[in-house]
Amino acid sequence: SLEWLRWIEGRDAFQRLLSPQNSLTDCDQVLALWFAQNYACDHPGTALDLILRHNSSLPMLLWSAIADTIWRRMMKREYPVLLDKWIALLIEKHPGGRGVRLLSYIAKACRYPEDDNSIYLLLRHLLQPVMRLESSLTNKILHPDGEPDVDPRVEVRGDITWLAHMWGQIKLNYLPVFAYRLWPIASMYLEQATLIFRSFNKGGEDWDPISFNLENLDHPSISLQNNGLAILVEIARTCFDWFLVNAPEQAEACVATWWNSDCLTLKRLSIWGLAKLPTRSPDKKVRRLIDAGVIRKMVFHREVERVLESSFPSCSDDLKRSMIEEIVVHFGQDLEPISRYYALHRLLVKLHQLDPGYESLNPEILAVQQRTPELAPLQDTAEDSIETQIFTEEEIISAPIAQTVERLSGPLDGPTGERRRAMLGIFRDAVRNDPDWGLRGADSLLERGLWEGDLWSTLVGGLNNPS
C-alpha cells in the first residue's frame, strides 16, 4: 500500500537509492525492485512525485529497476498508465550501457497508435549518433614513432538490431504517420555525425568517412550497417520516396534542405532526389546541375549521372550544349590529367549512349580519344569486357605487394570506371581480411608518395574496418 511507501521514504535504506553512490548491496537491489514493481506502474503519479521531491534524482540502480519492470509489464501486455511520462524521464536520466539496451527493448514493445509519442521520443534518442574514441590507425601508419593520436568511432546510440526491427515495422505499416517526423531527424543526425568526424579532421567538402563508405546511396557498406548510420540514410531515402508520391512539395523541401546542409552525404542525397522530382522539368534539372557546380566535383559523379540519365535525353539542345561545355571544361579537374581524360571519356560515352541521336557529342568524344590514344573504343566499354580484366582477391594477395601497388596505382579505365571501382573494392576487402598485408601495402604507397589518391583512401578505409 501507499502507507508502506510513506513509511520507508524517510529511512536511510531508501535514501541510499536516491543518492549516487559506488557501493551497492543486494539489499539495495531488492528495495529498488520492490519500489519499481509495486509503485512505478501501479501508482505512477505517487512514484513520480516522490522522485520530484528528491531533486528528480534517478540513480542507475533505481533507473534500471524501473525500466526493467516497465519492459516486463509491456511484454505481458500490461502497459503503465503514465508510460509517456516514464519514457521521457528514463530518456533524460538514462545511464548508458545497459540502459540503452533496455530503452531499445521498451521501444520494440511499444504499441501504435497508443504509444506513438513514446515511439517518437525513443527513436529520437536511440538514433542519435554518439562518439567513442579509438586509437588512430592512420597516425600509426604515417607516424609510427610519433606521439599517439585518437580517432572518433561514431555510431547510433541504440541497439542496431532492435532499431532495424522498429524501422522495418514503421516502414511497412506506419510511414504516413512518421515520415514527417523522421526525415528531419535522420537529416539532422547525419549532419551531426559528419560534424563529429570533422572535429577530428576527418573529412571536408569532398570527403568524409560516411560518404566514403557510401559508394552507392542505395547500398551502404557493411561498416555503415554495423554502426547504424546506414539506418539514417535509409530513413532519409524512404521518407523522400514517400513524399514523392504523397507530398511532392515536401520532396522539393527535402532537396533544398539537404543541399543547404553542412553534410556531404546530404548534398549527395539532394542530387539523388533531384533526379526523381516530378515537379521539375528536364531543363530545370540539368540547369540545376550546372548552376550548383556539381559537375566540377567527382564526389557527386554517381548522383549527377542519375540526373543525366533521367533528364539529358529530354532537355533542350541549348541545355545539352551548356552541359557538354561544363563537362568538357570542368569535369574531373581535381584529377591527374590522364585520370581525368579517362573519366571524361567515360561520361561523354555514357551521354552518347543515353542520347545516340545527339551528334554534337561525337566530336568531343573523338577529341578526348585523340588526346589519349590508349582509350578503349566505345564498344570496348561493355560490361563483359570489363569483367574479364578484373583480378581476384587471391591474385592480389598472392602477388608481391610492390607489384600489386604498381598494378593498382595506374589509371586502369579511370577512377570512375566500372573496372577501377571493382578493383578498388577487391583491394579494400583484401586489406580488411589481412590487415598485416594492408600495412605492408601502406608502406609501399608511402615509398611512392601515393598517399592522397583513391588507392590510399581505400586502403585506410579497409584498415579502419577489419573483418
Side-chain angles (χ1 to χ4, degrees), residues 1-128 130 157-159 162-163 166 174 177-178 181 185:
S1 71
L2 295 178
E3 292 298 323
W4 278 109
L5 183 60
R6 297 188 187 98
W7 175 82
I8 203 172
E9 180 181 350
R11 300 299 189 273
D12 290 344
F14 194 79
Q15 289 298 315
R16 284 167 53 85
L17 292 180
L18 297 167
S19 303
Q21 54 190 312
N22 296 321
S23 56
L24 297 170
T25 67
D26 291 341
C27 291
D28 294 324
Q29 186 170 1
V30 170
L31 192 56
L33 285 172
W34 172 81
F35 173 78
Q37 292 173 357
N38 289 280
Y39 299 101
C41 293
D42 296 334
H43 302 282
T46 300
L48 287 165
D49 181 65
L50 183 147
I51 293 170
L52 169 64
R53 287 186 282 105
H54 290 81
N55 299 317
S56 299
S57 177
L58 201 62
M60 183 173 65
L61 181 62
L62 190 56
W63 187 101
S64 298
I66 293 172
D68 186 75
T69 298
I70 289 175
W71 171 61
R72 293 182 185 279
R73 289 282 188 96
M74 294 173 73
M75 294 301 292
K76 297 177 182 178
R77 306 295 180 185
E78 300 172 3
Y79 292 88
V81 176
L82 302 182
L83 179 63
D84 284 352
K85 293 183 179 181
W86 278 121
I87 294 299
L89 182 63
L90 292 173
I91 289 173
E92 176 65 25
K93 303 294 183 180
H94 86 94
R98 182 171 181 266
V100 172
R101 291 193 292 274
L102 275 173
L103 289 177
S104 299
Y105 301 158
I106 290 173
K108 181 178 180 294
C110 284
R111 308 158 297 172
Y112 181 83
E114 295 90 339
D115 305 322
D116 67 326
N117 190 70
S118 291
I119 293 172
Y120 177 59
L121 285 175
L122 287 164
L123 284 173
R124 281 187 64 100
H125 183 67
L126 297 173
L127 286 170
Q128 185 174 20
V130 294
R157 179 183 281 119
D159 182 279
W162 295 116
L163 281 174
M166 283 186 65
Y174 311 119
V177 176
F178 283 95
R181 294 179 174 184
I185 292 177

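On a predicted model such as this, the values are computed, not experimentally measured, just so you know.
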Only pairs at least two apart or in different chains count here, so list each salt bridge (charged side-chain N to carboxylate O under 4.0 Å, His left out) that has a residue in residues 51-64.
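Passing the test, one end in residues 51-64: Glu9-Arg53, Asp49-Arg53.
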
Going by salt bridge (charged side-chain N to carboxylate O under 4.0 Å, His left out), name the pairs with one or both residues in residues 101-115, residues two or more places apart or in two chains.
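Sorted pair list: Arg111-Asp115.
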
Separation between CZ (Phe35) and CG (Leu61), nearest 0.5 Å, reads 12.0 Å

Distance in Å, Leu103 CG paired with Leu122 CG, rounded so as to fall on 0.5 Å steps:
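Answer for the CG-CG pair, Leu103 versus Leu122, is 6.0 Å.
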
Do you know which two heavy atoms are closest between Ala109 and Met75, and how far apart they sit?
CB-SD, 4.2 Å

So which atom in Ala36 and which in Ala65 form the shortest heavy-atom distance, rounded to 0.1 Å?
CB-O, 3.4 Å

Would a 4.5 Å heavy-atom cut-off, applied to side chains only, mark [X] and [Y] as touching?
{"X": "Thr46", "Y": "Tyr39", "value": "no"}
{"X": "Ile70", "Y": "Leu90", "value": "yes"}
{"X": "Leu123", "Y": "Ile185", "value": "no"}
{"X": "Phe14", "Y": "Leu50", "value": "yes"}
{"X": "Met166", "Y": "Ile119", "value": "yes"}
{"X": "Leu17", "Y": "Pro59", "value": "no"}
{"X": "Arg16", "Y": "Leu31", "value": "no"}
{"X": "Ser57", "Y": "Lys93", "value": "no"}

Quick one: list whatever passes ring-ring contact (aromatic ring centres under 6.0 Å, His included) with [X], sequence neighbours left out.
{"X": "Trp63", "answer": "none"}
{"X": "Tyr174", "answer": "Tyr112"}
{"X": "Trp86", "answer": "none"}

With sequence neighbours left out, what residues match [X] under side-chain hydrogen bond (donor to acceptor under 3.5 Å, both in side chains)?
{"X": "Ser104", "value": "none"}
{"X": "Tyr120", "value": "Arg124"}
{"X": "Arg77", "value": "Tyr79"}
{"X": "Asp84", "value": "Ser118"}

If we check side chain to side chain contact (heavy atoms under 4.5 Å, CB included) with Leu89, which of these qualifies: Leu52, Leu48, Ile66, Leu82?
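By the side chain to side chain contact (heavy atoms under 4.5 Å, CB included) criterion, Leu89 pairs with just one of Leu52, Leu48, Ile66, Leu82: Leu48.
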
Arg11 side-chain N/O to Trp7 backbone N/O, donor-acceptor pair under 3.5 Å:
yes

Donor-acceptor pair, Lys85 side chain versus Gly45 backbone, under 3.5 Å?
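Here the side-chain-to-backbone pair does not exist.
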
Aromatic plane relationship, His125 with His94 - under 30° parallel, 30 to 60° tilted, over 60° perpendicular:
perpendicular

Test salt bridge (Lys or Arg N to Asp or Glu O under 4.0 Å) applied to Arg73 - qualifying residues, sequence neighbours left out
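Once residues adjacent in sequence are excluded, the partners of Arg73 under the salt bridge (Lys or Arg N to Asp or Glu O under 4.0 Å) criterion are Asp42, Glu78.
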
Could you pull out all residues at least two apart from Arg72 that satisfy salt bridge (Lys or Arg N to Asp or Glu O under 4.0 Å)?
Asp68

Identify, with sequence neighbours excluded, every residue that meets side-chain contact (heavy atoms from CB on, under 4.5 Å) alongside Gln128.
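For Gln128 the side-chain contact (heavy atoms from CB on, under 4.5 Å) partners, ignoring immediate neighbours, are Arg157, Tyr189, Gln192.
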
